[in-house]
There are 2 protein chains.
Amino acid sequence: MEPSHRNLAHQVVHELGKKIMEGTYKVGDSLPSEADLCTQFNISRTATREAVKMLTAKGLISSRPRQGIKVVDSKYWNLFDVDVLNWILLGKPDLYLLRHFLQLRLAIEPEAASLAAQFAQESDIENIEHALVRMKNATNGQDDTHEADIDFHKSVLCASNNPFFIQLNNFIETALKINIRFTNRLVAVTVEEYQAHVDIFELIKNKKPQEAFDAALVTQKATLAIVNKQIEVLEAETA
Amino acid sequence: MEPSHRNLAHQVVHELGKKIMEGTYKVGDSLPSEADLCTQFNISRTATREAVKMLTAKGLISSRPRQGIKVVDSKYWNLFDVDVLNWILLGKPDLYLLRHFLQLRLAIEPEAASLAAQFAQESDIENIEHALVRMKNATNGQDDTHEADIDFHKSVLCASNNPFFIQLNNFIETALKINIRFTNRLVAVTVEEYQAHVDIFELIKNKKPQEAFDAALVTQKATLAIVNKQIEVLEAETA
DNA sequence: CCCACCTTAATTGTATTATAAATAGTATTG
DNA sequence: CAATACTATTTATAATACAATTAAGGTGGG
């Protein structure tokens, strides 16, 4: 897609969105008034107001006469919005946030594999296969490890042929990126990881929903278990 | 929350959003130009542009000079946005859409029950219990059946203490409403349904994640199986 | 004839100014 | 002291002007 900073309003949305997600403006806080935002960003009220409206549409703020612009309760935030997810990524994700991501991945990805085994078209199978080729190349350093991995997970989601699962592409991608940040070894894909993906692919291709579900579940549970362990250690230390 | 039509821009967002989701404006179609929208709604360009920006923020449209305002590919739509979900509901949901909702519920709700069994606070337990009381009252016609049911599912989601699951409240609520529309019997909650909910509650309260997961899974699978069957029948008829 | 370049016109992007509406806080008045 | 009225602040809306972008068509050189 096009860059998100095509115009002034989008730039301001990006700046303010980042600041809200990183906690510069906290829930309940007031943002600067329209007039102040105009001077801060050196733009007209038109652009400022459009930015405010966009953040309102994403559920981050509300603006009312005399009351000003305020950050609303986080339960109203559109956490699955691609911009919001990117702002989360720009913040300082901690282990608890990573766990929250992994908990939802545990729910989503096995079922996505199951649906893919039931509803995948030929083109979907080809896309998964192509991602696997990239991963294999990545084991030899001929392709980007992380990108290939993200590609694989996305292609499975899309193969579910369910628009809601497909919409979670951005979520999964962000989850993987945060995961990468914590396991920050720039190693190539291990043979075991690659083989696990191949196994899931074969089960999808051969239309084995339950088996594909189970295979994906094992992977997700393993990842989540690691983080749960890390949090346990962390909490034992601080206690 | 406050009504979504507090101001002109919000009203226009609502009107256009509805038309996009119901297919009056299809993917790739051009919407009327800013100037035309101004005359159609009899409002200023300021208000029109703010509405356009809000729909852009929700991922439904894009607007560029000379090119105009266009409905973007549906894979970019923020399907988990509360407004978008309501517009979907206002359209004419079919069995396939219902199945898509149920497929995601199957992924989400059992895991939410599991997380609730692991992470629920006392207040969360109380909220679930309160929803159960409402359901019991509904069996006697003393409360609204559907509202009580929605309450229960929401309270479990919130008990997961995972912001991403909590954000899916709107999704689950919409799914239930669509389900109600198809099973349009205005009957009271059956004893079996109520008992199934009580069982899940007990398992959550007694911190049995796996058992809570399994219990919720049974319920979801049963519902999905019914719809799969209906679709099977439908496709047999049209073939 | 064809391709590269230029011009034009349509549409959104931005700025400015003015006024209206909503409302929190303060003052007034009975 | 309480109810009311006033005031000032902030967002909401409108109107106008001009800039920037770009699709489409026209123009000229080869």
Side-chain angles (χ1 to χ4, degrees), chain A residues 1-17 19-20 25-73 76 83, chain B residues 1-17 19-20 25-73 76 83:
Chain A
M1 289 280 275
E2 316 85 51
S4 66
H5 41 275
R6 267 196 352 273
N7 56 40
L8 288 182
H10 279 81
Q11 288 175 41
V12 175
V13 165
H14 194 73
E15 292 304 317
L16 294 178
K19 284 184 180 172
I20 291 170
Y25 300 122
K26 295 181 177 53
V27 169
D29 282 1
S30 284
L31 268 66
S33 69
E34 283 184 2
D36 290 343
L37 289 174
C38 289
T39 56
Q40 276 185 32
F41 289 99
N42 195 30
I43 57 175
S44 71
R45 254 191 92 193
T46 310
T48 302
R49 282 184 58 80
E50 286 172 4
V52 167
K53 289 296 175 189
M54 282 195 273
L55 289 169
T56 303
K58 291 180 188 299
L60 299 185
I61 61 177
S62 83
S63 81
R64 300 175 67 174
R66 174 72 213 213
Q67 190 170 317
I69 304 162
K70 287 186 175 176
V71 180
V72 303
D73 192 284
Y76 298 111
D83 291 325
Chain B
M1 290 280 276
E2 315 86 49
S4 64
H5 40 277
R6 267 195 356 270
N7 55 40
L8 289 181
H10 278 81
Q11 287 176 43
V12 175
V13 165
H14 194 72
E15 292 304 318
L16 294 178
K19 285 184 179 170
I20 292 170
Y25 301 121
K26 294 180 177 53
V27 170
D29 282 1
S30 284
L31 268 67
S33 69
E34 285 183 1
D36 290 344
L37 289 173
C38 289
T39 56
Q40 278 186 32
F41 290 99
N42 195 30
I43 57 176
S44 70
R45 251 190 96 192
T46 311
T48 302
R49 283 184 57 81
E50 285 171 5
V52 168
K53 288 298 173 189
M54 281 195 274
L55 289 170
T56 303
K58 291 181 189 297
L60 299 185
I61 61 177
S62 83
S63 81
R64 301 175 66 175
R66 174 74 213 215
Q67 190 170 319
I69 304 164
K70 288 187 173 174
V71 180
V72 302
D73 192 282
Y76 298 112
D83 292 323

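All heavy atoms count here, side chains included; hydrogens, waters and symmetry mates do not. Here is how names work: the chains are called A, B, and so on, in the same order as the sequence lines, proteins then strands, and each is numbered from 1.
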Exercise for the section: May I have the step-by-step check of side chain to side chain contact (heavy atoms under 4.5 Å, CB included) for Leu37(B) and Val12(B), ending in yes or no? Expected result: CA-CA 9 Å; Leu37(B) 289 173; Val12(B) 175; 5.8 Å; no

Handout entry: Where Ser30(B) and Tyr25(B) come nearest, the two heavy atoms and their spacing
Key = O-CD2, 4.3 Å

Practice task
Mind listing the residues from residues 49-57 of chain B sitting with a heavy atom below 4.0 Å of DNA chain C? Number order is fine.
Solution key: Arg49(B), Lys53(B)

Handout entry: Atom-pair distance (CG on Leu8(B); C1' on dA21(C)), nearest Å
Key = 11 Å

Exercise for the section: Nearest whole angstrom, please: distance from the P of dT10(D) to the CG of Leu37(A). Expected result: 12 Å

Fill in the blank from the handout: Nearest heavy-atom contact between Ala57(B) and Ala57(A) is CB-CB, 3.8 Å

Handout entry: Atom-to-atom span, CG of Leu31(A) to C1' of dT11(D) - whole angstrom
Key = 14 Å

Problem - Rounded distance (Å) that lies between atom C1' of dT17(C) and atom CZ of Arg45(B) - result: 16 Å

Problem - Steps toward side chain to side chain contact (heavy atoms under 4.5 Å, CB included) verdict (Arg49(B), Lys53(B)) - result: CA-CA 6 Å; Arg49(B) 283 184 57 81; Lys53(B) 288 298 173 189; 3.9 Å; yes

Problem - Any side-chain heavy-atom pair of Ile69(B) and Val52(B) under 4.5 Å - result: yes

Exercise for the section: For Glu34(B) and dA10(C), give me the distance from atom CD to atom C1', rounded to whole Å. Expected result: 12 Å

Practice task
Please tell me if the side chains of His10(B) and Thr56(A) come closer than 4.5 Å, counting only heavy atoms from C-beta onward.
Solution key: yes

Practice task
Evaluate the side-chain proximity of Leu8(A) to Phe41(A): yes if any heavy-atom separation is below 4.5 Å, no if none is.
Solution key: no

Handout entry: Side-chain donor/acceptor contact of Ser44(B) with base of dA15(D) under 3.5 Å
Key = no

Exercise for the section: Establish, with yes or no, whether the OP1 or OP2 oxygen of dT10(D) is under 4.0 angstrom from a side-chain nitrogen or oxygen of Ser63(A). Expected result: no

Exercise for the section: Nearest whole angstrom, please: distance from the P of dT12(C) to the NE2 of His10(A). Expected result: 15 Å

Fill in the blank from the handout: With sugar-phosphate taken as primed atoms, P, OP1 and OP2 and all else as base, the protein-contact string of nucleotides 22-27 of chain D at under 4.0 Å (heavy atoms; B, S, -) is BBS---

Fill in the blank from the handout: From CG of Asn42(B) across to P of dT13(D) the rounded distance in Å is 13 Å

Practice task
Check whether any side-chain heavy atom of Val71(A) lies under 4.5 Å from a side-chain heavy atom of Leu31(A), and answer yes or no.
Solution key: yes

Handout entry: Interatomic distance where CG belongs to Asn7(A) and P belongs to dA19(D) [whole Å]
Key = 19 Å

Practice task
Would you mind classifying the nucleic acid contact of Thr46(B) as base, sugar-phosphate or nothing, using non-hydrogen atoms under 4.0 angstrom?
Solution key: base

Problem - Contact check, side chains of Asp83(A) and Met54(A), non-hydrogen atoms, under 4.5 Å - result: no

